[in-house]
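The figures that follow rest on heavy atoms only: side chains count, while hydrogens, waters and symmetry mates do not. Every chain is numbered from 1, with letters handed out A, B, ... down the list of sequences.
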2 protein chains.
Amino acid sequence: MSTAQGARARARIEVTAAIKDEARRQLAAQGAARLSLRAVARELGMVSSALYRYFPSRDDLLTALIIDAYDSLGESAEAAHDASAPPFERWISVCEAVRGWALDHPHEYALIYGSPVPGYTAPDTTVPAAARVGLLLIGIARDAHQGPAPGRPAMADDLRPEAERMAADLAPDLPPEVVTALVAAWAQLYGLVGFELFGQFNRVVEDRETFFRHAVGQLARGAGLASGPR
Amino acid sequence: MSTAQGARARARIEVTAAIKDEARRQLAAQGAARLSLRAVARELGMVSSALYRYFPSRDDLLTALIIDAYDSLGESAEAAHDASAPPFERWISVCEAVRGWALDHPHEYALIYGSPVPGYTAPDTTVPAAARVGLLLIGIARDAHQGPAPGRPAMADDLRPEAERMAADLAPDLPPEVVTALVAAWAQLYGLVGFELFGQFNRVVEDRETFFRHAVGQLARGAGLASGPR
DNA sequence: CACAAAAGAGAGCACTGCTCTTGCGCGGGC
DNA sequence: GCCCGCGCAAGAGCAGTGCTCTCTTTTGTG
């Protein structure tokens with residue numbers, strides 16, 4: 001073995017990466033449904049059947065791209081995360097990073113948060129990568145609730161069991177009310193981003209950046225990340 | 001002319017409807033990307049090229065299905081709308097109707113609110129049908145703000161121009177703060193529905209109905225539809 | 001009744017994902 | 001250092017797709 005696991009394995013890794021790169025290029029250019037194994041192979045100067053040695057099916061290639069997309073998004077969000085800023089500002093920054101990433105990578109965003117490619121169900125492999133943004137938001141909320149808990153209204157009785165279950169799963173150190181609001185805010189964040197990205201805001205919202213910043217600010221308040229008067 | 005516009009036109013309408021019905025069946029069964037013109041034609045006992053006399057392309061068929069889906073969703077939402085109930089309850093009912101329709105028609109929901117079918121951009125034809133749910137929500141908010149306006153916090157200065165523009169466009173009789181919150185709530189509603197439908201809540205939210213009712217209740221409060229203590 | 005317009009049939013093109021068989025060449029055990 | 005075997009690529013081929021073109025049949029109407 002020359003280097004770790006020999007030269008053959010290295011070549012394999014390189015070819016695999018080249019395939020993913022070219023696939024990502026096509027994905028960004030035309031979207032997931034138009035991603036064609038044959039076109040990728042053609043562009044790489046190989047014959048289509050050779051590509052199946054690296055990805056047993058188109059879905060497997062897509063899965064690899066999905067994981068990469070989750071990671072890329074998670075990285076952007078984490079990079080936007082200045083741990084020294086107050087929680088409210090950090091929340092806004094992370095949300096804006098998510099929006100920015102989505103606008104920069106619309107087809108990749110559609111791949112992971114739009115309708116799943118029909119006939120395709122993401123394997124559990126994607127779970128850890130998918131959780132990164134959520135964990136980041138939870139972390140911010142945790143910091144915000146370090147000190148004495150700000151007064152929060154009571155919760156409806158019928159929600160309490162589910163809220164406590166979610167809190168136990170996601171953040172046992174946070175009050176169930178906060179965890180509930182956090183999960184809702186998480187989903188709603190993607191509603192805002194998706195509507196903008198998929199054209200639902202056309203002819204409705206013009207100054208989308210301002211609108212977005214305001215809306216995610218409200219989400220933060222809903223999750224108990226207090227701030228000055230709106 | 002035997003009947004209005006002749007029998008030929010009637011036959012055309014019937015065949016068009018039959019094509020859409022079969023297409024909708026395939027859509028519901030397998031999703032948009034697997035919808036095949038040839039399969040539809042086969043099922044209908046016609047040859048594929050004949051189908052192009054009715055829909056010039058696959059995208060045109062999809063557009064027809066999209067409009068129908070918007071209308072079906074709008075109808076469900078309007079049917080759930082008991083005009084005599086107080087606004088807050090009406091809001092909840094409409095939101096639950098949207099969620100229910102989405103769970104009943106996942107692929108159609110994905111078609112209209114998921115990632116747009118790549119390479120496809122919806123023509124303006126779809127706009128009126130798409131607006132139905134939004135108009136319904138605006139109407140509810142209007143009723144809620146009939147009486148003396150409940151106290152609402154001030155709005156950030158940078159949002160004011162956009163808020164006033166949106167209000168002028170969508171509901172000149174409503175305060176800009178409310179219109180802004182309404183638009184945000186509208187987008188966030190679909191974030192909640194989409195996350196549940198597309199599996200993002202798997203292993204996170206269990207009692208989704210309760211969670212949803214609570215979350216849209218918060219949205220309503222954000223839009224100034226006051227109600228009892230949460 | 002005749003004729004033109006509308007609809008259907010069928011072949012064909014270029015493309016897709018995927019499989020199978022064949023042959024080449026390089027890596028690694030001897 | 002040699003040579004074998006395995007990893008890999010190549011190519012043909014299958015079944016399917018959207019869409020176009022031409023030709024024939026049907027049918028409503030002047």
Colleague: Do B:Arg53 and C:dG8 share a donor-acceptor pair, side chain to base, under 3.5 Å?
Modeller: yes

Colleague: How many whole angstroms separate atom OH of A:Tyr54 from atom C1' of C:dC18?
Modeller: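 My rounded result for the distance is 18 Å.
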
Colleague: Is A:Arg10 near enough to C:dC26 that one of its side-chain N or O atoms lies under 4.0 angstrom from OP1 or OP2?
Modeller: no

Colleague: Please evaluate the base of D:dA10 for a donor-acceptor partner in the side chain of A:Ser49 within a cut-off of under 3.5 Å?
Modeller: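 Indeed, a donor on one side and an acceptor on the other fall under 3.5 Å apart.
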
Colleague: With heavy atoms under 4.0 Å as the rule, sort B:Phe55 into base, sugar-phosphate or nothing.
Modeller: nothing

Colleague: Would A:Asp21 and A:Arg25 pass as an ion pair if we require N to O under 4.0 Å?
Modeller: no

Colleague: Name the closest nucleotide to the B:Tyr52 side chain, picking from D:dA10, D:dT20, C:dC18.
Modeller: D:dT20

Colleague: Tell me which nucleotide among D:dC19, D:dT17, C:dG10 gets nearest to the side chain of B:Arg58.
Modeller: D:dC19

Colleague: If the plane angle is over 60° it's perpendicular, under 30° parallel, otherwise tilted; pick one for B:Tyr113 and A:Phe195.
Modeller: parallel

Colleague: Within this structure, what is the CG-CZ distance for the pair A:Leu189 and A:Arg99, rounded to the nearest 0.5 Å?
Modeller: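 Output value for this atom pair is 11.0 Å.
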
Colleague: I want to verify a distance call: between C:dG17, D:dC19, C:dG8, whose nearest atom is closest to the A:Ser36 side chain?
Modeller: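 Of the options given, the side chain of A:Ser36 lies nearest C:dG17.
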
Colleague: With a 3.5 Å cut-off and just heavy-atom distances, do the side chain of A:Arg12 and the base of D:dG7 make a donor-acceptor pair?
Modeller: no

Colleague: Between A:Asp60 and A:Ser57, do the side chains contain an N or O donor and an N or O acceptor separated by less than 3.5 Å?
Modeller: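 Distance-only check passes for A:Asp60 and A:Ser57.
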
Colleague: Taking only the side-chain heavy atoms of A:Arg38 (C-beta and beyond), determine which of C:dT16, C:dA9, D:dC19 contains the nearest atom.
Modeller: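 Of the options given, the side chain of A:Arg38 lies nearest C:dT16.
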
Colleague: Quick one: label B:Leu35 by what it contacts on the DNA or RNA (base, sugar-phosphate, nothing), any heavy atom closer than 4.0 Å.
Modeller: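 Sugar-phosphate only.
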
Colleague: CG of B:Leu37 versus C1' of C:dT16: gap in Å, rounded?
Modeller: 15 Å

